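Scroll down for the structure; my scribbles are underneath it.
Sequential numbering from 1 along the given sequence is applied to the chain's residues. Only a predicted model underlies this, so the values are computations on that prediction, with no experimental measurement involved. Just follow the structure's listing: the first ligand is 1, and inside any ligand the first atom is 1.
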Amino acid sequence: MQRKNQVKGDGFERGLMKWESQAPSNLALIKYMGKTDASINLPSNPSFSYTLKHLTTTVSLEQIDSEKDEWHSAESVTLSASSVARFMSHLERLKVYFGYTGAFLVKSVNNFPQGVGLASSASSFAALTKCAAMALSELTGKPAISIDEQAALSRKGSGSSCRSFYESWAYWEGVQVERVDTPYPELLHQVILINQQEKAVSSSEAHRRVQTSPDFSTRSLRAQSRLTQLNEAIQEQDWPRMYRICFDEFWDMHQLFETCTQPFSYLSPTIKQVLSQLQAFWKQKGDGPLVTMDAGEAIHLLYRPDQKAMMQDIRQGLLGAYHVF
Ligand code: DP6
């Protein structure tokens with residue numbers, strides 16, 4: 001985190017003080033899907049994620065002499081009007097929390113493409129929360145707030161962002177988020193971007209729709225049971241079992257998408273083909289990457305550090321025809 005005084009913004013001097021923070025994205029292996037209270041993003045089930053330290057959002061807040069906060073639209077970030085409004089209303093929530101009424105110019109930049117299943121909302125809301133917590137405690141003279149408090153505030157902006165405050169693994173249930181130690185502190189990450197269009201159904205909308213699936217009433221039990229099994233498998237370092245649990249888990253979430261009253265699907269023929277190739281790879285080698293998908297047409301792969309050569313082989317062979325990030 002950095003703080004600069006008297007920064008010049010894009011060629012014109014208007015800033016009084018400027019703050020900047022960075023936060024990583026995270027990848028859930030047990031998914032947050034469905035809410036018990038959408039107004040403060042309380043999840044229907046516990047989730048468990050690996051923090052993607054290399055995929056970050058940087059947010060800056062520049063104090064401005066204005067009635068209202070302003071969003072600076074960077075060329076690389078094309079957010080819909082509703083996404084910008086949601087982001088700015090989170091800043092408003094943080095200002096209310098600190099009792100601050102001044103205005104900011106808000107800038108946000110990702111080091112990865114947005115809206116393609118790479119969970120940019122997690123890193124951007126976490127970075128905004130971190131940055132605002134720093135700026136607002138300084139501007140109001142109020143004490144700095146702890147990481148746990150920042151995560152709880154960030155959750156209200158976007159649920160999954162609360163997990164981005166903890167490395168390398170995070171567990172979130174209800175209002176509680178915590179760091180988890182595992183025998184896998186470092187994993188390698190690869191993502192296959194099949195469709196780079198902005199997703200048609202936002203994850204917030206997905207959380208609403210899934211509740212109408214006939215399978216939703218038992219979803220929380222399934223997620224909890226997989227979480228227990230995944231923890232066991234991680235402790236036992238049983239990587240093939242971890243792979244099977246993670247596969248079943250994302251498939252379960254995507255079945256909810258397909259069976260709700262306004263169904264939608266990310267399991268395109270190409271996605272299904274790549275998934276089958278990955279399953280065949282596992283069958284043949286008895287080893288391979290963990291596979292998961294969020295709400296988008298992207299497949300995430302996690303490898304152990306000793307699988308580095310396999311990761312390169314898969315990229316050049318099995319995934320040679322695809323855009324791999
Ligand atoms: C599929 O955190 O983006 O990535 O709380 O409405 O902002 P809101 O939803 P969001 O949901 C993420 C859903 C997911 C699974 C996960 O990350 O756990």
T57 and its side chain to side chain donor-acceptor pair (under 3.5 Å) partner, picked from S124, S123, S161: S123

Can you sort out which atoms of ligand 1 are near S121, meaning under 4.0 Å from one of its heavy atoms? 3 (O)

Pair E232 + R241, salt bridge at N-O below 4.0 Å: yes

Which of the ligand 1 atoms, numbered from 1, are nearer than 4.0 Å to a heavy atom of K31: 18 (O)

One pair to check against salt bridge (charged side-chain N to carboxylate O under 4.0 Å, His left out): R315 and D313. What are the steps and the verdict? CA-CA 5 Å; R315 185 182 186 132; D313 288 352; over 6 Å; no

Do S204 and ligand 1 have an N or O pair less than 3.5 Å apart? yes

Minimum non-hydrogen distance to atom 13 (C) of ligand 1, winning option of F48, W172, Y32, F250: Y32

Under 4.0 Å to a heavy atom of K35 - the qualifying atoms of ligand 1, by number: 5 (O), 6 (O), 8 (P)

Below 4.0 angstrom, N of the basic side chain to O of the carboxylate: do R179 and D181 qualify? yes

Are the ring centres of F325 and F112 closer than 6.0 Å? no

At less than 4.0 angstrom from any non-hydrogen atom of A28, what atoms of ligand 1 do you find? 16 (C), 17 (O), 18 (O)

Against heavy atoms of N41, which atoms of ligand 1 measure under 4.0 Å? 5 (O)

Do Y171 and F48 have ring centres separated by under 6.0 Å? no

Would S47 count as being in polar contact with ligand 1, using the rule that some N or O on each side must be under 3.5 angstrom apart? no

Quick one: which ligand 1 atoms are inside 4.0 Å of a heavy atom on S203? 3 (O), 10 (P), 11 (O)

Against Y184, only a single residue in Y303, Y50, W169, W239 fulfils ring pair (Phe, Tyr, Trp, His ring centres under 6.0 Å); can you say which? W239

Please check whether S161 reaches ligand 1 - meaning an N/O of the residue sits under 3.5 Å from an N/O of the ligand, judged on distance alone. no

Quick one: does R155 get a heavy atom under 4.0 Å from ligand 1? no

Please give the remaining members of the hydrophobic cluster of W172, linking ILVMFWY side chains under 4.5 Å, ordered by chain and number. Y32, I147, F165, Y166, V177

Considering only heavy atoms of M253, which atoms of ligand 1 have at least one such atom less than 4.0 Å away? 1 (C)

Checking the N or O distance criterion of under 3.5 Å, is ligand 1 in contact with R163? yes

